[in-house]
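Here's the structure we're looking at; comments come further down.
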Amino acid sequence: MKHKSIFFSISLVFSSFCLSAQELPKEVVWQEVEGVNVPVPPQTHPRLYVRSSDLPALKERMKTPQAQQTLSLMKELSKDRTPAEEAAVTNRGFRYYYEMRGVTSRVQLQALDYLLEGDKRLARRAITAMLDTLQRASFGTRSDLSRASGAMLITGAMVYDWCYDQMKSSEKQAYIKEFIRLAKSMECGYPPRNNQPIAGHPSEWMIMRDMLSAGIAIYDEYPDMYNHIITMLYRDYIPARNYFYAGQNYHQGTNYVHVRFACDLFPLWILDKMGAGGIYSSSARFVLYDIIYRRRPDGVLMPAGDDYPQNRPALLTMPTPMFLASSYYKDEYLAYEFERNPHLNKSGNESMNHCLIYELLWRDYDLKGKSPDDLPLTRYSGTPYGWMIARTGWDANSVIAEMKINEQFVGNHQHMDGGSFQIYHKGPLAIDAGAYSGSSGGYNSPNNKNYFKRTIAHNSLLVYDPDEKFGCWNYGGGGKTRFASNDGGQRMCGEGWKTCNSLDSLLSEEYTVGKVLAHGFGPDAQAPDYSYLKGDITQAYTRKVKEAKRSFVFLNLKSETVPAALIVYDKVSASNPDFRKYWLLHSIEEPALEGNTFTVRRTKDGDSGMLHNTVLLPRADNIRIDKVGGPGKENWVFGTNYPNDAVAPYLDNANERGAWRVEVSPAAPAVTDNFLNVIQVADNRCNQLNEVQRIENDRIVGAQLADRVVTFAKSSEPLQKDFTLTVNGTGTYKFVITDLKAGNWQVKKNGRVFIPLAEVRASDGVLAFEGTAGSYEFCR
C-alpha cells in the first residue's frame, strides 16, 4: 500500500457520483427508476448477503476457529432469557432487542443451517417461529425503537431469502404484511421519507440496512420497498457519501462513526454481494484511518463531536465498522483496530450482537492486523473537512495534535469548532470541553446546545457581540428553545440550526463555514519536522466578523526534553471595534498564569504531561489573560453556568472533559487584532523549556525556538514582494517560511545567494530549508 494515497484527497466531479451506463456492473440487470439507474435484485435466491456461488466457501468458513467462536456466542444468545433475567429487565428499549436473545438469534442460525446443510425441518422452524415473532412484535413509534423494528426486519429477511423455497405463498404474503407494518412504525415511515440522507436516524440502520435487506428479500412478490430504498440511495445517499469520503473522514464525531459509518458500509456489502459492485469511491477505505490517528497511547480516542468521557483505561473499539471495512478493502491497519475488540478473546462484547451474523458471512478470517507504527506521522483530511492530525510517534511518549478548519458543516452531532485544536502528551492537555451525557448533557439539553456543541467549549476564537442572537428552534429532539446562549462563537448553520439535509444544501453558502488556504508537511513525509495547516474561517461567523484566518504549525522537535510545539497565528477583524475577541485554551486542571505565559499540567490519573504557552501577540502592553472555571464555572458562558450531571455509566472519573479555560484577549478595542501563541509540550517535571523569541517586521511575524524558525505573513495574505528576516543565535536552524505566493523564490543570506532557486507550491506556500544565523532576503 502506498501511504501517499491516504493523505491526499481524491478530487471528485459530480458527474462521477452516479455510474454511467457504460460503467454499470454486468452481474445484475440495471433499470431506471424515477430518473436514476439502479440495480435490480437477481431472480434467484439466496441474494441477500450471500449468493449460491458463495456457499461452498462459506461452508468451509464455518469450520474455522473464529467462526466457531462466533457460532458459540450466537448459540448462547439463542437461548431464551430465564424468568429471573426477564424480571430484572427495567428498560425494554431497542438495546433489549439488539441483544438478540432468544428467537432472533435462533432463527438466524436455523436459516443459515438450512442454507448450508439443507435441513428442511430447520427451515420450517425458522419460518414459523419468525412469522409468529413478527406478528407479535409491536414497538410503538418512538424514534429509537425503530432500531428494534429493524432487528425484526433483517432477521425476517434472512429467513425469507434463505428459506425461500420452503415458504408457502401465504407465508410470504404474511411476512410482507408484517414488514410493511413494522416499516410504517419506524421513524422514517413507509414509504420512507427521504429527508435525512446525510445525518440523522434515517442515515443509520433503518434505510441503510434494515429496509434495504427486507426489500431485496421480498422483491419478486413486492418490489415497492426495494424500489423506494434503492432510488433514495443512488439519488441522494451515495453521492453525498462519495463527497464526504473524498476527504477521508467522517463528520459525526468519534461516538457516532461507530454506528453511522458502519451503517454506510452495509449497503456497500449488501449491494456488492447482490452483484451490483462497489458503490463508493476508493477514498471510503481510508475514512477510519482517522480513528487510528486519534488513538492515544492509553488506548482512548482523542474526542470529536458528541462524544462522552470514558473511564480509563477502557478502550473505545469499533469492531463492526472495522471488520466491515478491513474485510472489504483487505486493509491490515483496520484489521489491527478490529483486533482490539475484546470479544475475540472472550464472550460478551460491545460488538453489537445484532451484527454477529455478518462476521460469519463476511469477515476475512485470513486478514491479519498490522500496527500503525510505519504509517506517516501526519494525516490530512481534505474537503469538506480541512482537518489534520500530527504525531511525534506511536509510543507512550508521543505528542498528538489535532488541528481543524472545517469547510462544510452538517450539524446533528457535529460541533461548531472551526479553527480548534487539541493536544495530548502523557495526558490530555488542550482539550475539547464538555460531555454528551447526563440528563443535562444529552441531545438538545441545556449543556449540549448552550455550551458543549458551541465554539466556547473548544480551543478556537470568539468575537462577542452582546446583541447577537443564536436561533435554534429547528434543532431536533426535545428541550427546544427559540434561542441558545450568546457564546460569542460561530453561527448555528441552517434556519434555526437545522441539520443539513441534502448535498446541494451542504454546498450552499448557508452550510459553508470555511476554506483551507494551505496545508502541507515535510520535508520527510514519513516523520515530518513540521506540519502546516491554514484556513479562512470567516464564514463560520455572522457578519460580526469581517475576517478570521488561523494558521497552525506543529513542530516535531525530536527532543526527549521538549518533544513538540504548536504555533498558532490568527488575524481577526470585527465589524465593530468594541466586539471583544477571545483566544481560548481549555484544560482539565487549573492553569497557572505568569506574565504573558500560562502553564497547564496533568498530575492526576497517572498522567504527567504539560503544556506551556507563550503569548507573543497581542503585545504585553495590550493583553489580558484570564482563567475561567472551577466549581460552579465548569461550563461558563458569559454569566451563566450550564452544568452537566453525568451519572453511570458515563461518569468522568478522570475529568477528561475539563473544568478550566484560559482566555487571551487584547485590552484595547480595535477592528483588527493578531494573536500569536507558541505552545511547548513536555513532561510536567521539565524545568528547561526553550526560549521563545518573537520575529516581526513590517511584512512577517513569527517565532524562533529551539532549532526552529517559523514565520507567517503579518497580513495573512500570500507574500509576493521581497522581504527580509534576521536570525540570531548559534548552530543550524530549520526554517519554515509560510504564506509565500506560489512560484520560484531566491534566498540570499548576508547579501550572497544562498538558495538560487526554490519552487514554492500553491498547495502549501511553504519554503523549508536549513541555515545558520544571519540576515536573509527572500525574492520572488
Give a yes or no on whether the backbone of G369 and the side-chain of E332 come within a donor-acceptor separation of less than 3.5 Å.
-> no
Would you say the side-chain atoms of D331 and Y336 include a donor-acceptor pair closer than 3.5 Å?
-> no
Do H413 and Q252 have a side chain donor and acceptor closer than 3.5 Å?
-> no
Does the side chain of D290 pick up a donor-acceptor pair with the side chain of N249 at under 3.5 Å?
-> yes
Distance under 6.0 Å and angle within 45° of ring axis: R209 vs F266 = yes
Within 45 degrees of the axis of the six-membered ring of Y96 and under 6.0 Å from its centre: does R92 put its NZ or CZ there?
-> yes
Note: R124-E171 ion pair, threshold 4.0 Å (strictly below) | yes
State whether the side chain of Q69 and the backbone N or O of Q66 hold a donor-acceptor pair below 3.5 Å, judged by distance alone.
-> no
With no hydrogens and no angle check, do the side chains of D374 and Y333 hold a donor and an acceptor under 3.5 Å apart?
-> yes
Could you tell me whether R241 and D264 have a side-chain N and a carboxylate O separated by less than 4.0 Å?
-> yes
Donor-acceptor pair, side chain of Y160 and main chain of M167, under 3.5 angstrom = no
Under 6.0 Å from the NZ atom of K330, do we count more than 12 heavy atoms belonging to anything else shown?
-> yes
Ring-face cation of K172 near Y164 (centre distance under 6.0 Å, axis angle within 45°) | yes
What class does the angle between the rings of Y289 and F286 fall in, given that below 30° is parallel, 30 to 60° is tilted and above 60° is perpendicular?
-> perpendicular
Compute whether any side-chain donor of one residue and acceptor of the other, for H45 and D220, lie under 3.5 angstrom apart.
-> yes
Short question: side chain of R61, backbone of R363 - any donor-acceptor pair under 3.5 Å?
-> yes
Going from OG1 on T317 to CE on M322, what distance comes out if it is rounded to the nearest 0.5 angstrom?
-> 9.0 Å
Looking only at atom types and distance, does a side-chain atom of N242 sit under 3.5 Å from a main-chain N or O of S281, one as donor and one as acceptor?
-> yes
Proximity of W205 and F94 rings by center, below 6.0 Å | no
State the CD1-CD1 distance between I230 and I238, to the nearest 0.5 angstrom.
-> 6.5 Å
Would you confirm whether D54, through its side chain, and R51, through its main-chain N or O, come within 3.5 Å as a donor-acceptor pair?
-> yes
Who are the ring pair (Phe, Tyr, Trp, His ring centres under 6.0 Å) partners of Y385, not counting sequence neighbours?
-> W387
Indicate the atoms forming the closest heavy-atom contact of S326 with L367, along with that distance.
-> O-CD2, 3.3 Å
If you measure from the Lys or Arg side-chain nitrogens to the Asp or Glu carboxylate oxygens, is any gap between E339 and K368 under 4.0 Å?
-> no
Whether D298 side chain and V300 backbone form a donor-acceptor pair below 3.5 Å = yes
Can you name the residues that form a salt bridge (Lys or Arg N to Asp or Glu O under 4.0 Å) with D161, not counting sequence neighbours?
-> none
From the list Y245, Y280, Y256, ring pair (Phe, Tyr, Trp, His ring centres under 6.0 Å) with F261 holds only for Y245
Modelled atom types, side-chain donor and acceptor of S213 and Y49, under 3.5 Å | yes
Side chain to side chain contact (heavy atoms under 4.5 Å, CB included) evaluation trace for E337 with M318 | CA-CA 8 Å; E337 281 290 320; M318 301 190 173; over 6 Å; no
Starting from the C-alpha separation in whole Å, work towards a yes-or-no answer on side chain to side chain contact (heavy atoms under 4.5 Å, CB included) for L71 and L109.
-> CA-CA 8 Å; L71 280 169; L109 292 174; 3.7 Å; yes
What's the verdict on ring-ring contact (aromatic ring centres under 6.0 Å, His included) for Y219 and Y226, showing C-alpha distance, side-chain angles and the deciding distance?
-> CA-CA 6 Å; Y219 181 79; Y226 175 80; 5.4 Å; yes
Can you tell if the side chain of R121 reaches within under 4.5 Å of the side chain of D113, non-hydrogen atoms only?
-> no
Regarding D306 and Y443, is there a side-chain donor-to-acceptor distance under 3.5 Å anywhere?
-> no
Test item: W269 side-chain N/O and A325 main-chain N/O as donor-acceptor pair under 3.5 Å = no
Rounded to the nearest 0.5 angstrom, the OG1-NE2 distance for T392 and H425 is 7.5 Å
Starting at CZ of F338, measure out to CD of E359 and round the result to the nearest 0.5 Å.
-> 4.0 Å
Checking R125 side chain against Q110 main chain: does a donor-acceptor pair fall under 3.5 Å?
-> no
Side chain to side chain contact (heavy atoms under 4.5 Å, CB included) between M152 and Y97: does it pass, once the steps are laid out?
-> CA-CA 9 Å; M152 298 299 159; Y97 300 97; 4.2 Å; yes
Determine yes or no for a side-chain-to-main-chain donor-acceptor pair under 3.5 angstrom, with D395 supplying the side chain and S398 the backbone.
-> yes
In this structure, NE2 of H354 is separated from CZ of R147 (nearest 0.5 Å) by 9.0 Å
Show the numbers, then the answer: is there a side-chain hydrogen bond (donor to acceptor under 3.5 Å, both in side chains) between D272 and Y328?
-> CA-CA 10 Å; D272 194 311; Y328 189 88; 2.5 Å; yes
Should the pair R106-D80 be classified as a salt bridge under the 4.0 Å nitrogen-to-oxygen rule?
-> yes
If you round to the nearest 0.5 Å, how far is CG of N412 from OG of S203?
-> 8.5 Å
